[in-house]
Amino acid sequence: MASKQTAKCCVILQLLSLTLLVISVSSSTPSNSMNTIMEVNRKGPYIGLITVYPPEEDAFFSTGAFEINSHHPFVDLSGRRFRVGKVHGRKVIYVRCGIGMVNAAATTQQMVDVFDIIGIIHFGIAGNVNNSMSIGDVTIPKQFVHTGIWDWLKPNGTLPSNDIAELKIGSYNVPKGGVNLLGRIGFGYEQFFSQTGKPNNPQPLVWAKISRHWLRLAAKLEGMELQQCVNSSNCLPEKPKLVVGLKGSTSNIFIDNGAYRDFLFQTFRVSSVDMESAAVVMTSLSNGFPVIVIRGLSDLAGGQEGQNQITIFGPLAALNAAKAVIQFILTLSHNPSQH
């Protein structure tokens, strides 16, 4: 009797969840898209793939690994195209979110709300701030810090006691000495809302950590073959490598400044900088979904002499990241218990 009641409750909860999803989606989604979403979800679950801008998308499609679903090739939502397909037989939904943390968070939330997703793989390119890494390398960080939550203070301002780091702008005066009116910057922490936490009771968070079981699987990718040449006449001096377990930084800032690059590495010990990853990771974790980030290093974030090399090596870095994503999906398929 108890088992029958339990089964009945489970059915009711499932119907209620589906009803709430239909209500939340249908309020802003045309009926034809709603019907497509329901059809797509019946054939799930899927792995969610999120990249950022066209060169990364071009690199992913150029691998030929993505096979479009001929019956339901895509769903257009809020100006974004969510493409339905497979990668080496594994069902995926791919979307390009757009640059910046707001776009990244909004897209991730929409992905997990609307589609039957088991987890998120976020990928693209990033700046390199670690001198032991090189352009063309691929990094799969273990955690991310949001370095764009600032308390911008007067030169003699008092740093809040809960700030996690400080940048004194006057320390970078050339020549030394004098007061810099830009003052100082205190770095704050995120407020992390969690599905498993109490409502309206966010926890302070500095490092958003990648899902451990996916990170362990990613370690199997180390040593994989990566592309070294953009073309026959433009090659990197060394073979690129894939490294798992470093740290990454995210902010709504494209960094091409050597002094700030060094500050980030020395203060937070991060190896990569980008504009979306922490937002994807936090949104995924808030909703209880596993997540991993795979980024190809496209430039030195201001550590180079002369012009930034993202226009030269960005496509190569994006392709190496895409290859790692495909390999990770294959690894997931061979380890179904890790989903």
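The basis for the numbers below is simple: all heavy atoms, side chains too, and nothing from hydrogens, waters or symmetry mates.
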Original post:
When you look at Val281 and Gln143, which way does the side chain to side chain contact (heavy atoms under 4.5 Å, CB included) test go after all the steps?
Top reply: CA-CA 9 Å; Val281 173; Gln143 56 191 8; over 6 Å; no

**OP:** Give the C-alpha distance, both sets of side-chain angles, the deciding distance and a yes or no for side chain to side chain contact (heavy atoms under 4.5 Å, CB included) between Val293 and Val280.
**Re:** CA-CA 9 Å; Val293 175; Val280 175; 5.6 Å; no

Please give me the minimum heavy-atom distance between [X] and [Y], naming the atom from each residue.
X	Y	answer
Ile292	Ala218	CD1-CB, 3.7 Å
Met282	Gln191	CE-O, 3.9 Å
Pro55	Ala318	O-CB, 4.1 Å
Asn130	Phe265	CG-CE1, 3.8 Å
Asn69	His72	OD1-N, 2.9 Å
Val230	Leu316	N-CD1, 3.5 Å

Keeping [X] on the side-chain end and [Y] on the backbone end, is there a donor-acceptor pair under 3.5 Å?
X	Y	result
Asp116	Gly44	no
Gln228	Leu236	yes
Arg184	Glu166	no
Glu222	Val244	yes
Asp137	Leu297	no
Thr51	Gly124	no
Arg295	Ile125	yes
Arg261	Leu300	yes
Ser62	Ala59	yes
Asn320	Val138	no

**OP:** Show the numbers, then the answer: is there a side chain to side chain contact (heavy atoms under 4.5 Å, CB included) between Phe268 and Lys247?
**Re:** CA-CA 8 Å; Phe268 297 99; Lys247 298 178 182 180; over 6 Å; no

Heavy-atom side-chain proximity of [X] to [Y] below 4.5 angstrom:
X	Y	result
Arg90	Ser333	yes
Thr250	Met101	yes
Phe123	Glu56	no
Leu49	Ile329	yes
Pro290	His213	yes
Ile47	Val87	no
Thr36	Phe74	no
Met133	Leu246	yes

Nearest 0.5 Å please: distance from the [atom1] atom of [X] over to the [atom2] atom of [Y].
X	Y	atom1	atom2	answer
Ile326	Thr331	CD1	OG1	12.0 Å
Ile253	Leu264	CD1	CG	8.5 Å
Leu242	Ile140	CG	CD1	4.5 Å
Ile93	Phe82	CD1	CZ	8.5 Å
Asn201	Phe193	CG	CZ	8.5 Å
Gln227	Lys323	CD	NZ	4.5 Å

For residues [X] and [Y]: do they belong to one hydrophobic cluster (side chain heavy atoms under 4.5 Å, members Ile, Leu, Val, Met, Phe, Trp, Tyr)?
X	Y	value
Ile50	Met275	no
Ile37	Tyr94	yes
Ile121	Leu217	yes
Trp207	Phe144	no
Leu205	Phe289	yes

Regarding [X] and [Y], do their side chains bring together a donor and an acceptor under 3.5 Å, going by distance alone?
X	Y	value
Asp113	Gln109	yes
Ser271	Thr139	no
Glu238	Ser134	no
Asn103	Glu276	no

**OP:** Carefully, step by step, assess Phe263 and Phe187 under the rule ring-ring contact (aromatic ring centres under 6.0 Å, His included).
**Re:** CA-CA 12 Å; Phe263 168 82; Phe187 290 76; 5.6 Å; yes

Original post:
Sequence neighbours excluded, which residues qualify as salt bridge (Lys or Arg N to Asp or Glu O under 4.0 Å) partners of Glu57?
Top reply: Arg96

**OP:** Show your working on ring-ring contact (aromatic ring centres under 6.0 Å, His included) between Tyr46 and Phe115 and close with a plain yes or no.
**Re:** CA-CA 8 Å; Tyr46 301 85; Phe115 297 102; 7.5 Å; no

Show me, pair by pair, the donor-acceptor contacts under 3.5 angstrom made by side chains of residues 167-177, not counting sequence neighbours?
from	atom 1	to	atom 2	distance (Å)
Ser171	OG	Lys168	O	3.4
Asn173	OD1	Asn180	ND2	3.0
Asn173	ND2	Gly177	O	3.2
Lys176	NZ	Ser171	O	2.9

**OP:** Sort out for me which residue in Val112, Ile120, Thr108 forms a side chain to side chain contact (heavy atoms under 4.5 Å, CB included) with Asn287.
**Re:** Val112

**OP:** Please step through side chain to side chain contact (heavy atoms under 4.5 Å, CB included) for the pair Val325 and Thr63, ending with a clear verdict.
**Re:** CA-CA 11 Å; Val325 168; Thr63 65; over 6 Å; no

Original post:
Mind checking whether Phe66 and Phe61 have parallel, tilted or perpendicular rings, split at 30° and 60°?
Top reply: tilted

